[in-house]
Amino acid sequence: MAQALMEIIRIPAIAPENLGEGELRKAEKLTQMLEGIGFDKIERFDAEDERVPSKKRPNVIAYYYGENKAEKLWIITHLDVVPPGEDSLWTITKPFEPTIKEGRVYGRGSEDNGQSMIASILAIEALKNLGIRPKRTVALAFVADEEQGSRYGIQHLIKQGIFNKDDLIVVSDGGNENGSFIEIAEKSALWFRVRTIGRQVHASRPDKGLNAHRIGMEYALALDKMLHEKYSLKDEYFDPPGSTFEPTKKDKNVDAVNIVPGEDITYFDCRVLPNYDIEETLNGIHGLAEEFEKKTGATIKIEVSQKSVAPKPTDANSKIVTMLKEAIKQVRKLEPKVGGIGGGTCAAFFRKIGVPAVVWCTIDETAHQPNEYAKIENLANDAKIYAFLTIS
Ligand SMILES: [Zn+2]
């Protein structure tokens with residue numbers, strides 16, 4: 001399993017938004033692997049995307065038929081990975097040169113989402129080797145574009161009309177350290193960039209210009225404070241319990257120390273509890289920007305790149321939740337806990353169309369970090385849960 005995971009990690013699948021070439025090479029490698037195992041059917045649903053060299057964002061589905069073909073259990077994982085980030089922080093190995101150390105596979109995409117991908121595939125391989133047909137058909141879906149909003153991934157698949165209201169859906173892209181947590185709800189997401197425009201001048205004559213960097217920083221800090229104070233509600237059902245507002249990415253400005261920047265760009269990632277109206281939050285962000293414009297004479301533009309309103313949570317009594325709880329009890333001997341997270345997984349798109357979906361896997365939550373890893377024992381143990389689900 002670890003070797004299979006390492007093969008997958010070696011092929012980066014980065015979105016065009018982050019100057020990557022997409023998922024095609026990885027999807028082809030994966031398809032080879034699936035063909036070797038002998039699934040009953042493998043299908044591809046590509047979404048067209050002019051921004052990648054192949055012009056295709058691939059979505060792969062592998063079916064293993066069950067006694068009851070009408071009922072389907074889906075295990076959904078994503079092909080794409082986020083960029084490695086700061087190179088020097090990768091101290092164990094290079095991001096796309098996976099290595100095994102102390103029972104862990106290190107590399108970008110090892111936990112997010114390679115671990116679950118390989119665990120789901122090898123669960124089916126094990127069933128096949130044992131000559132066991134599942135109760136219901138198992139469909140493994142490997143989707144594109146999860147990290148950038150899923151337009152070319154799960155949203156494209158849903159448009160094909162291949163999902164039914166009574167399908168059982170596990171999105172294996174979030175969880176906790178011992179695998180006891182079943183996610184059924186998430187927060188609304190709001191991503192935006194703050195573009196502050198002043199006037200560029202020589203740094204010895206700031207009086208003649210307008211330092212966009214200083215104003216941008218002041219606005220960002222004021223916004224950060226305002227958001228945390230105004231949206232301070234805690235809901236213990238979620239982990240973490242409050243809304244999160246984080247200044248994240250920062251665009252480069254001028255090339256030299258002695259230039260006062262005329263433009264400043266900062267990004268925010270906000271995850272807001274479903275209790276709040278995201279439009280109202282956005283109005284507050286604009287309102288504060290106008291205040292700063294009046295005060296400083298700069299122009300502040302708020303450009304939203306992602307806005308997703310949290311859908312209605314999956315019913316805690318739905319069949320897939322009950323099945324997964326039972327699997328965790330039987331296989332792990334643990335008491336399962338059902339709740340919500342910061343979100344942004346494929347499950348939201350199912351909830352939007354009224355199909356119950358859960359998010360589950362066993363992870364240390366190293367996704368998007370340097371030295372990301374997957375524990376080999378999690379690979380094996382999660383495969384057991386998947387196998388249990390197919391026959392329960
Ligand atoms: Zn993920």
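Below, each value reflects all heavy atoms present in this structure, side chains not excepted, and no hydrogens, waters or symmetry copies.
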[X] side chain to [Y] backbone, donor-acceptor under 3.5 Å:
X    : Y    : value
K187 : V309 : no
K333 : Q330 : yes
R271 : I341 : no
S172 : C361 : no
N211 : H213 : yes
R108 : P83  : yes
S188 : I278 : no

Within-4.5 Å side-chain heavy-atom neighbours: [X] and [Y]:
X    : Y    : result
D166 : K72  : no
I132 : I391 : yes
W74  : S120 : no

So that I can tick it off, tell me whether [Y] and [X] are bridged by a salt bridge, with the cut-off set at under 4.0 angstrom between side-chain N and carboxylate O.
X    : Y    : value
K312 : D315 : no
K135 : E71  : no
R57  : E50  : no
R133 : E67  : no
K250 : D264 : yes

Side-chain donor-acceptor distances from residues 89-99 under 3.5 Å, at least two apart:
from: W90; atom 1: NE1; to: P84; atom 2: O; distance (Å): 3.0
from: T91; atom 1: OG1; to: N371; atom 2: ND2; distance (Å): 3.1
from: T93; atom 1: OG1; to: E97; atom 2: O; distance (Å): 2.6

> Given the rule in the side chain to side chain contact (heavy atoms under 4.5 Å, CB included) test, do K230 and K225 qualify, once you have shown the distances and angles that lead to the verdict?
Replying inline: CA-CA 9 Å; K230 197 166 169 194; K225 193 159 173 270; over 6 Å; no
In the single-linkage hydrophobic clustering (I, L, V, M, F, W, Y; side-chain heavy atoms under 4.5 Å), do [X] and [Y] co-cluster?
X    : Y    : answer
L79  : I14  : no
I154 : V82  : no
F45  : I76  : yes
I197 : V260 : no
L5   : I37  : yes

> How about K352: does its NZ atom have over 12 heavy atoms from other parts shown lying under 6.0 Å from it?
Replying inline: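 Atom NZ in K352 is crowded, with more than 12 foreign heavy atoms closer than 6.0 Å.
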>> A quick test of your reading: do over 12 heavy atoms of other residues, nucleotides or ligands sit less than 6.0 Å from CZ of R44?
In response: yes
>> Suppose we screen for salt bridge (charged side-chain N to carboxylate O under 4.0 Å, His left out). Which residues come up paired with E146, at least two apart in sequence or across chains?
In response: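 Expected list: none.
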Just jot down the side-chain contact (heavy atoms from CB on, under 4.5 Å) partners of [X], sequence neighbours excluded, or say none.
X    : value
A13  : E23, K26
A70  : N68
E303 : R193, R195, K301

Does either side chain, that of [X] or that of [Y], offer a donor lying less than 3.5 Å from an acceptor on the other one?
X    : Y    : result
S180 : N178 : yes
D251 : Y267 : yes
E7   : Q3   : no
H156 : D145 : no
S150 : Q155 : no
N113 : T77  : no
S88  : E86  : yes
Y152 : E48  : no

> Between K375 and E111, does a salt bridge (Lys or Arg N to Asp or Glu O under 4.0 Å) hold up when you go through it step by step?
Replying inline: CA-CA 8 Å; K375 279 187 184 153; E111 175 185 296; over 6 Å; no
> Pairs in or reaching into residues 281-296: which pass side-chain hydrogen bond (donor to acceptor under 3.5 Å, both in side chains), with residues at least two apart or in two chains?
Replying inline: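 As it turns out, there is no side-chain hydrogen bond (donor to acceptor under 3.5 Å, both in side chains) pair with a partner in residues 281-296 once direct neighbours are skipped.
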>> By the definition side-chain contact (heavy atoms from CB on, under 4.5 Å), identify the one residue from L190, V194, T248 that meets it with F268.
In response: V194
>> Against L223, only a single residue in I302, I300, T266, I285 fulfils side-chain contact (heavy atoms from CB on, under 4.5 Å); can you say which?
In response: I285
>> As an exercise, state the distance from OG1 of T196 to CE of M217, rounded to the nearest 0.5 Å.
In response: 10.5 Å
> Regarding K41 and the six-membered ring of Y63, is the cationic atom NZ or CZ under 6.0 Å from the ring centre and inside 45° of its axis?
Replying inline: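 Yes, a cation-pi geometry.
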> Angle class for the Y231/Y276 ring planes (parallel below 30°, perpendicular above 60°, tilted otherwise)?
Replying inline: perpendicular
> Under 30°, 30 to 60°, or over 60°: which ring-plane class applies to Y386 and W360, parallel, tilted or perpendicular?
Replying inline: perpendicular
> Given the side-chain rings of H228 and F245, with only the six-membered ring counted for Trp, is the space between their centroids under 6.0 Å?
Replying inline: yes
> Ring centres of F350 and F163 under 6.0 Å apart?
Replying inline: yes
> Which is it for D167 and K319 under the salt bridge (Lys or Arg N to Asp or Glu O under 4.0 Å) test, yes or no, and what are the steps along the way?
Replying inline: CA-CA 10 Å; D167 283 355; K319 185 171 178 181; over 6 Å; no
